[in-house]
Amino acid sequence: MNVAVRRHFDRFELEEAARTLRAQGGRMIMLYAAPEAGGTQSVRYVSSRAGIGFDIWVVPADTAIPSLATIWPLLGWYERETADHRGIVFSGQPEPFSLIAPLRSAEEADLRRLPDISGDAVQILPFGPVRAGVVESAEFSFFYIGEAILHYVPHLFLKHRGMEDRFTGQTPETGLVLAERISGVGSAAHALAYSQAIEAAAGVTVPDRVRYQRVIVAELERLYNHLHYLGHLADTTTLKVGHAEGVLLAERVKQINARVTGSRFLRGVIAPGGMRRDLRIDGLASALDELRQPIRKYINRLDASESYFDRLATTGLLPREIAFDQGATGPVARASGLDRDLRRDHTYAAYADPDLAFSVATHETGDADARARVRIAEIENSIVMIQRAITLTPTGKIRIPCLPSPNSEALGWAESPRGTLIYAVHFGEDGRLARVKIKSPSFSNWRVFPYTVHNTNMMDYAINEASFGLTIAGCAR
Amino acid sequence: MALWTLIGLAEGKATTGWPLKPGPDGQDGVIGMPRLESERCDAGCSICVNVCPTHAIALADEGLALDYGRCVVCQVCVEACPTDALTESNNWAFGVRARDDLRTAASVAPVARPSPSRHSFHRSLHVRHVDAGSCNGCESELQALNNPFYNLHRLGIFFTPSPRFADLLLVTGPVTRAMLEPLRRTWEAMPEPRWAMASGTCAVSGGIAPGGPCLSGLEDVFPVDLYLPGCPPNPAAIIEALLMFLGRIQQRLHRGKMNDE
Ligand code: SF4
Ligand code: SF4
């Protein structure tokens, strides 16, 4: 078990512990329901102390558990999701209704949607789930007057596929195939977090060659995601050529991905115990060299376009306190001044090697501009890290046996392009997966996003949504 | 803005000529569907049948039967096969008109739904996309079709926001129950004649996520005119499937075999 402290709590001690964690500068991450011996369930609370590790609190779930959503608001969605799927009651939950289920009746819709807004001029605009363009399905309710948005409610679980439950009964190898298909544009990060969880459960350490190759794969994923993101953001500011160039650069990285790994989405390489195939690394360094100039020029051009960054500045403001309380993660959190990155704070793969030159980019302003600038800094850092990792990769084995023993459990994590991604894996008596919980960055950032939409205007919405870089699949699972 | 237009023109040679003129398809190195040569199988071996996460492989009278409509291209069977009966391939152009053409052991001749007539599309095709529960990998490749490398418009194919102007409904994902009604509404809003395409293994058969909150693909909702497995199908595979549907190029896969094999 790769955690610093694992404590068994009585539910009466819970609120006190939650307050202490806050007072001591720790950070709550997630909660989930886990199977316990004798067919009972517990709720696991995962929190982090930077430089120390993750703590897990285990609380029996035979009766109602006090909600911690008023102390750690970010837990609100986890509690509601756990109530939906596992029937656990969280007493005092401030939003005591289903998170996942589609709306079934008008009254239920009213109960869930209606904030304290009234007046003849207020209109409700339901939007989606089938929206304009080639995008993921989700439904949004805007409460608005004219151009002004008073309140905003996203409904994000129409494409809930029950993915976590599909892991039950799988072997580590077939579970990997599922992990790579939770969020397509995060396939590598999911494979990595999942594999590291299985390796921790098995108590094995992967060879050095694997550690560097995993950095290369993970940073290629960040690169194509962030480039696509800049292009998409340009599209929302109606900068058409800026859009075309951004997505063309992303396409070029996807083509590199295929040459290096066999998959445009970097699937089929990272696996429990190492790598399924050696990376085809020849040509990668020169391909990146060729890309470096166009990327630099592209970013400079964006910088010189008044219409781009001007539209981003002050749009979609996310204050630091809200970012912390509601659980913002990844570039979104770093753009609001939260200096957090798993690659450094809970380091893995080869990120701790100073020769890799990894650095964490942060910004203070918390607007769409800051989110774009954090990603731009990460694009540049990713290219450097890939190039260095190519030369730092030692020879050696790429895979070792990795067999978790029955009833073992562990956490695995990765800083995905969108932020903190955690897998909790539990094995059963038969040595197969008994429970997998996925804490995905889009689940976290979708929870935060509405706070930047209430009391803004329709003109800014598309830009703001693009600046968050969210996926629905990762959120809905 | 003027600056961007100039730069766009100067660097504008990004678009490939493929598939109508010489040019790269952009898929160098992409690993495709596994190749099956069941005459290499050891008698009694069923390792691949047991490891395939989507049950795409079954034991049949004539040896192994592979249903590419269920294959998510994970290569687990290729790694497990002790006799190289299953091997890695670069074949990804798996768009077909009849579901049975995705099966290596179709017992009856594959039957497609009626082809669109030559006059149906006035030289252009309008596609409405609906995500019915994808992992977003399929959307990422659909979005790529409009990047300057593939530049789908040059082929007279357009994604349209309005179902009222759409000829073809392109669906991704296994179809979650919650997306069933919105999907049906979009279909009903399309004028006849209208066609439906299942894009990606999830939409073809349910892929990795049949059952539970999901159906087993688009066929559970209405008849499908065009199937394209792949996880996800890459942009070139989507282009080939759409051109094949329009009768502008030939279907390459018949009864689970590529033409040139
Ligand atoms: S590559 Fe296809 S047939 Fe082979 S194991 Fe994966 S899903 Fe099954
Ligand atoms: S077919 Fe594959 S890529 Fe497409 S939605 Fe399904 S899992 Fe994702």
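Chain letters run A, B, ... following the sequence lines, proteins first and then strands; every chain starts at 1.
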Side chain, backbone, both or neither: which part of [X] has a heavy atom under 4.5 Å from chain A?
X        : value
B:Pro210 : both
B:Val51  : backbone
B:Glu141 : both

Please list, one pair per line, the donor and acceptor atoms closer than 3.5 Å that link side chains of residues 181-188 of chain B to other protein atoms, with sequence neighbours excluded.
unit_1, atom_1, unit_2, atom_2, d
B:Glu181, OE2, B:Arg184, NH1, 3.2
B:Thr186, OG1, B:Pro182, O, 2.8

Taking all non-hydrogen atoms of both residues into account, name the closest pair between [X] and [Y] and its distance.
X        : Y        : result
B:Gly133 : A:Arg161 : O-CD, 3.0 Å
A:Arg276 : B:Val76  : NH2-N, 3.6 Å
B:Asp28  : A:Ala258 : O-CB, 3.6 Å
A:Arg181 : B:Ile208 : CB-CD1, 3.6 Å
A:Val134 : B:Phe159 : CG2-CD2, 3.6 Å
A:Lys254 : B:Ser140 : NZ-OG, 2.8 Å

Self-check item: Close side-chain approach of B:Asp131 and A:Val135, heavy atoms under 4.5 Å
Solution: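 Not in contact.
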Quiz item: Does some side-chain heavy atom of A:Val177 sit less than 4.5 Å from a side-chain heavy atom of B:Val72?
Solution: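 Yes, close enough: below the 4.5 Å cut-off.
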Quiz prompt | Contacts with chain B made by residues 261-271 of chain A (heavy-atom distance under 4.5 Å), listed by residue number | solution =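 The stretch touches chain B at A:Thr261, A:Gly262, A:Arg264, A:Phe265, A:Arg267.
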Measure the spacing between [atom1] of [X] and [atom2] of [Y] and express it to the nearest 0.5 Å.
X        : Y        : atom1 : atom2 : value
A:Arg252 : B:Asn147 : CZ    : CG    : 11.5 Å
B:Met179 : A:Glu139 : CE    : CD    : 9.5 Å
B:Asn146 : A:Asp235 : CG    : CG    : 10.0 Å
B:Asn50  : A:Thr171 : CG    : OG1   : 11.0 Å
A:Lys159 : B:Ser134 : NZ    : OG    : 3.5 Å
A:Leu249 : B:Phe149 : CG    : CZ    : 13.5 Å

Quiz prompt | Atom group of A:Ile182 that falls short of 4.5 Å from chain B, counting heavy atoms | solution =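 For A:Ile182, the backbone is the part near chain B, not the side chain.
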Practice problem: Select one option (side chain, backbone, both, neither) describing which atoms of A:His228 are under 4.5 Å from chain B's heavy atoms. | Solution: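 Just the side chain, heavy atoms under 4.5 Å.
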Self-check item: B:Arg177: salt bridge (Lys or Arg N to Asp or Glu O under 4.0 Å) partners, not counting sequence neighbours
Solution: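 With sequence neighbours excluded, B:Arg177 shows a salt bridge (Lys or Arg N to Asp or Glu O under 4.0 Å) to no residue whatsoever.
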Self-check item: Residue list, salt bridge (Lys or Arg N to Asp or Glu O under 4.0 Å) with A:Arg280, at least two apart or on another chain
Solution: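 With sequence neighbours excluded, A:Arg280 shows a salt bridge (Lys or Arg N to Asp or Glu O under 4.0 Å) to no residue whatsoever.
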Practice problem: Show your reasoning for whether side chain to side chain contact (heavy atoms under 4.5 Å, CB included) applies to B:Gln27 and A:Arg259. | Solution: CA-CA 8 Å; B:Gln27 311 310 312; A:Arg259 291 201 293 270; over 6 Å; no
Quiz item: So, the side chain of B:Thr176 versus the backbone of A:His160: is there a donor-acceptor pair under 3.5 Å, distance only?
Solution: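 Here the side-chain-to-backbone pair does not exist.
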Quiz item: Is atom CZ of B:Phe165 surrounded by more than 12 heavy atoms (other residues, nucleotides or ligands) closer than 6.0 Å?
Solution: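 No - once you tally the heavy atoms of other residues, nucleotides and ligands closer than 6.0 Å, there are 12 at most.
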Quiz item: Does NE2 in B:His153 sit with more than 12 non-hydrogen atoms of other residues, nucleotides or ligands closer than 6.0 Å?
Solution: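 It does: B:His153 NE2 has more than 12 such atoms within range.
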Quiz prompt | Greatest number of heavy atom pairs closer than 4.5 Å to chain A - which of B:Pro232, B:Pro53, B:Cys231 | solution =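 Option with the greatest count: B:Cys231.
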Self-check item: For chain A, the option from B:Pro161, B:Ala209, B:Cys135 that forms the most heavy-atom pairs under 4.5 Å
Solution: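 With the most close heavy-atom pairs to chain A, the winner is B:Cys135.
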Quiz item: Is there a side chain to side chain contact (heavy atoms under 4.5 Å, CB included) between A:Val130 and B:Arg128 once you walk through the steps?
Solution: CA-CA 10 Å; A:Val130 179; B:Arg128 170 68 237 200; 3.2 Å; yes
